[in-house]
Amino acid sequence: MSKRWLLGISLTVILSMLLMVGAAFGQQPTGEFEVVRKAVEGYLTSGKPPVMDAKDLYQILHDGDPANDPFIVDVRKPEDYAKGRIAGAINILWKDIWKPENLAKLPKDKKIVAYCYSGHTAGIVATVLNLLGYDAINLRFGIMGWTKKDEVVGAPRFDPATQPDYPVSVEPKEAQPVHEFPVVSTGKVKEAEIVYEVIKAYLTSGKPPVMDAKDLYQILHDGDPANDPFIVDVRKPEDYAKGHIAGAINILWKDIWKPENLAKLPKDKKIVAYCYSGHTAGIVATVLNLLGYDAINLRFGIMGWTKKDEVVGAPRFDPATQPDYPVETVAPPTLPVTGGEGSSLVPAILIAFGGISLAAGIGGLFILRRRTR
């Protein structure tokens with residue numbers, strides 16, 4: 001076998017690989033997909049932290065300076081909000097945050113802290129609010145990390161003693177950027193309206209925000225590889241190297257917006273994203289859904305998959321050492337209208353209604369007109 005022949009074969013293989021990559025990158029992100037991707041890039045490169053600890057929020061709320069208090073939004077179900085909440089928090093169900101009348105309640109000139117049961121759905125809310133121009137952050141571990149009162153939390157809290165301990169792998173998996181990008185089509189022209197429409201579409205799609213570790217494990221071990229999801233570990237590379245779910249590729253959460261990373265993801269297959277505890281993977285799953293992928297967040301992340309602390313790579317939630325801050329249990333406050341700039345993303349008539357709906361006379365007229373139709 002001649003060296004010239006071997007060289008020819010090698011060049012052919014290299015050229016084929018370049019053509020495969022070119023298939024993905026011959027098509028650079030365009031159209032509405034690119035509009036949404038650029039919005040995601042702006043948020044993920046802003047340097048904004050993804051979460052805030054309960055102790056930091058408590059300190060700000062009790063430092064004697066009400067001027068720096070954030071605007072707090074409880075995104076749990078109304079019945080759980082009524083049982084107890086962080087003092088001063090208003091209630092908007094997470095999947096209803098996109099509605100103009102709800103956006104009109106939020107200030108554009110103040111920090112917004114969103115919290116849920118454990119930090120997962122509030123991560124979705126904080127993500128979409130940042131994409132809509134608000135300054136929002138997710139409360140780490142949600143109300144579960146604020147109070148020890150189970151009746152207030154309203155959902156089972158993470159318990160290290162009863163969590164599963166599934167196997168992990170140290171064998172890395174690489175993915176090539178060979179996939180085409182999804183097509184995003186909202187029918188809108190303005191960038192802000194396109195972003196608003198994909199948020200609305202996702203939050204009204206009925207897609208579950210999270211999946212449990214036991215369900216992922218069952219799918220991966222049901223003997224049918226055809227239904228296996230595509231798994232993305234969005235932790236730091238050094239933690240991915242210590243151990244990860246077998247078959248997972250590694251893309252750092254704040255780099256998911258890059259075209260070369262998006263091209264590694266299939267548009268026709270379920271994507272499961274996971275991180276340390278479910279917070280940053282929640283951001284990833286959210287933006288991927290906005291971009292047209294079918295993605296879901298793994299509840300509690302790798303923390304809920306393995307008991308090996310050296311693999312988790314970050315302190316896991318511990319009910320025994322968590323804080324137990326006071327909660328407000330009196331009748332919920334009347335929800336104020338404090339902003340409305342965010343509603344500029346929707347038709348002007350909705351903005352006007354969102355800003356004046358509390359006026360009794362106009363509100364009564366609106367109701368009367370609806371009844372006579």
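Since we're looking at a predicted model, the values are computed, not measured.
- Here OH of Y134 is found 5.0 Å from CG of L106. Values are rounded to the nearest 0.5 Å.
- For the pair E32 (side chain) and V183 (backbone), a donor-acceptor distance under 3.5 Å is absent.
- Nearest heavy atom pair, residue A213 against residue G304, reads CB-O, 3.4 Å.
- Looking at residues two or more places apart in sequence or on another chain, you find a side-chain contact (heavy atoms from CB on, under 4.5 Å) between A114 and A122, V125.
- Residue pairs meeting the salt bridge (Lys or Arg N to Asp or Glu O under 4.0 Å) criterion with at least one partner in residues 198-209, sequence neighbours excluded, are K207-D294.
- For NZ of K77, the number of neighbouring non-hydrogen atoms (other residues, nucleotides, ligands) closer than 6.0 Å is 12 at most.
- For K95, there are no salt bridge (charged side-chain N to carboxylate O under 4.0 Å, His left out) partners at least two apart in sequence or on another chain.
- With sequence neighbours excluded, the residues that form a salt bridge (charged side-chain N to carboxylate O under 4.0 Å, His left out) with D239 are K242.
- When all heavy atoms are compared, the tightest approach of I60 to M52 is CD1-CE, 3.4 Å.
- The aromatic rings of Y58 and Y325 lie parallel to each other, their planes meeting at an angle below 30°, with 60° marking the opposite boundary.
- I302 and I256 end up in different hydrophobic clusters when Ile, Leu, Val, Met, Phe, Trp and Tyr side chains are linked at under 4.5 Å.
- Residues satisfying the salt bridge (charged side-chain N to carboxylate O under 4.0 Å, His left out) criterion with K308, sequence neighbours excluded, are D165.
- Hydrophobic cluster membership is shared by L203 and V195, with clusters built from Ile, Leu, Val, Met, Phe, Trp and Tyr side chains linked at under 4.5 angstrom.
- Summarising the geometry of R37 relative to K258, their closest heavy-atom pair is NH1-CA, 4.5 Å, with the distance given to 0.1 Å.
- Clustering ILVMFWY residues whenever any of their side-chain heavy atoms sit less than 4.5 angstrom apart, transitively, puts V75 in a cluster other than the one holding L139.
- Considering only heavy atoms from C-beta on, P319 comes within 4.5 Å of P160 through its side chain.
- Residue pairs that meet the salt bridge (Lys or Arg N to Asp or Glu O under 4.0 Å) test with at least one member in residues 219-234, sequence neighbours left out, are D233-R235.
- With rounding to the nearest 0.5 Å, the separation of NZ in K270 from CD1 in I296 is 5.0 Å.
- Rounding to the nearest 0.5 Å gives a distance of 9.0 Å between CZ of F33 and OG1 of T30.
- The list of ring-ring contact (aromatic ring centres under 6.0 Å, His included) pairs with a residue in residues 222-263, not counting sequence neighbours, reads Y240-H244.
- Among residues at least two apart or in separate chains, there is no salt bridge (Lys or Arg N to Asp or Glu O under 4.0 Å) pair with a member in residues 271-285.
- Just one residue in the list T286, V210, N138 forms a side-chain contact (heavy atoms from CB on, under 4.5 Å) with I124, and that residue is T286.
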Salt bridge (charged side-chain N to carboxylate O under 4.0 Å, His left out), that's the test. Do E79 and K83 meet it? Break it down for me. CA-CA 7 Å; E79 57 266 33; K83 294 172 186 173; over 6 Å; no
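- Applying the salt bridge (charged side-chain N to carboxylate O under 4.0 Å, His left out) criterion to D53, with sequence neighbours excluded, gives R140.
- Residue pairs meeting the salt bridge (Lys or Arg N to Asp or Glu O under 4.0 Å) criterion with at least one partner in residues 168-179, sequence neighbours excluded, are absent.
- Side-chain atoms of N289 do not come within 3.5 Å of backbone N or O of Y202 as any donor-acceptor pair.
- Across A39 and L131, no two heavy atoms sit closer than the pair O-CD2, 3.4 Å.
- Judged by distance alone, the side chain of D96 and the main-chain N or O of N102 form no donor-acceptor pair under 3.5 Å.
- Heavy-atom minimum distance, V311 versus G243: CG1-O, 3.5 Å.
- Here the closest heavy-atom approach between residue C116 and residue T121 is recorded as CB-OG1, 3.1 Å.
- Using a cutoff of 4.0 Å between basic side-chain nitrogens and carboxylate oxygens, E260 and K264 are not scored as salt-bridged.
- In this view, D309 and R316 satisfy the side-chain hydrogen bond (donor to acceptor under 3.5 Å, both in side chains) rule, not counting sequence neighbours.
- The neighbour count for E191 CD, taken as heavy atoms of other residues, nucleotides or ligands under 6.0 Å away, does not exceed 12.
- Distance check, rounded to the nearest 0.5 Å: CG of L288 to CD1 of I271 gives 5.5 Å.
- When the side chains of ILVMFWY residues are joined at heavy-atom separations under 4.5 Å, either directly or via intervening members, V40 and L252 end up in a single hydrophobic cluster.
- Between Y196 atom OH and K188 atom NZ the span is 9.5 Å, to the nearest 0.5 Å.
- Other residues, nucleotides and ligands place more than 12 heavy atoms under 6.0 Å from the NZ atom of K148.
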Do I245 and L216 pass the side-chain contact (heavy atoms from CB on, under 4.5 Å) test, and can you show the C-alpha distance, the side-chain angles, and the key distance before you say yes or no? CA-CA 10 Å; I245 298 175; L216 176 58; 4.1 Å; yes
Working for side-chain contact (heavy atoms from CB on, under 4.5 Å), residues L220 and I231: CA-CA 11 Å; L220 294 176; I231 307 176; 3.9 Å; yes
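- When atom types are taken as modelled, the side chain of Q163 and the backbone of F158 share no donor-acceptor pair closer than 3.5 angstrom.
- Legend: ring-ring contact (aromatic ring centres under 6.0 Å, His included) pairs involving residues 99-121, not counting sequence neighbours, sorted by first then second residue: H120-F300.
- Taken to the nearest 0.5 Å, the CG atom of D268 stands 10.0 Å off from the CD atom of E180.
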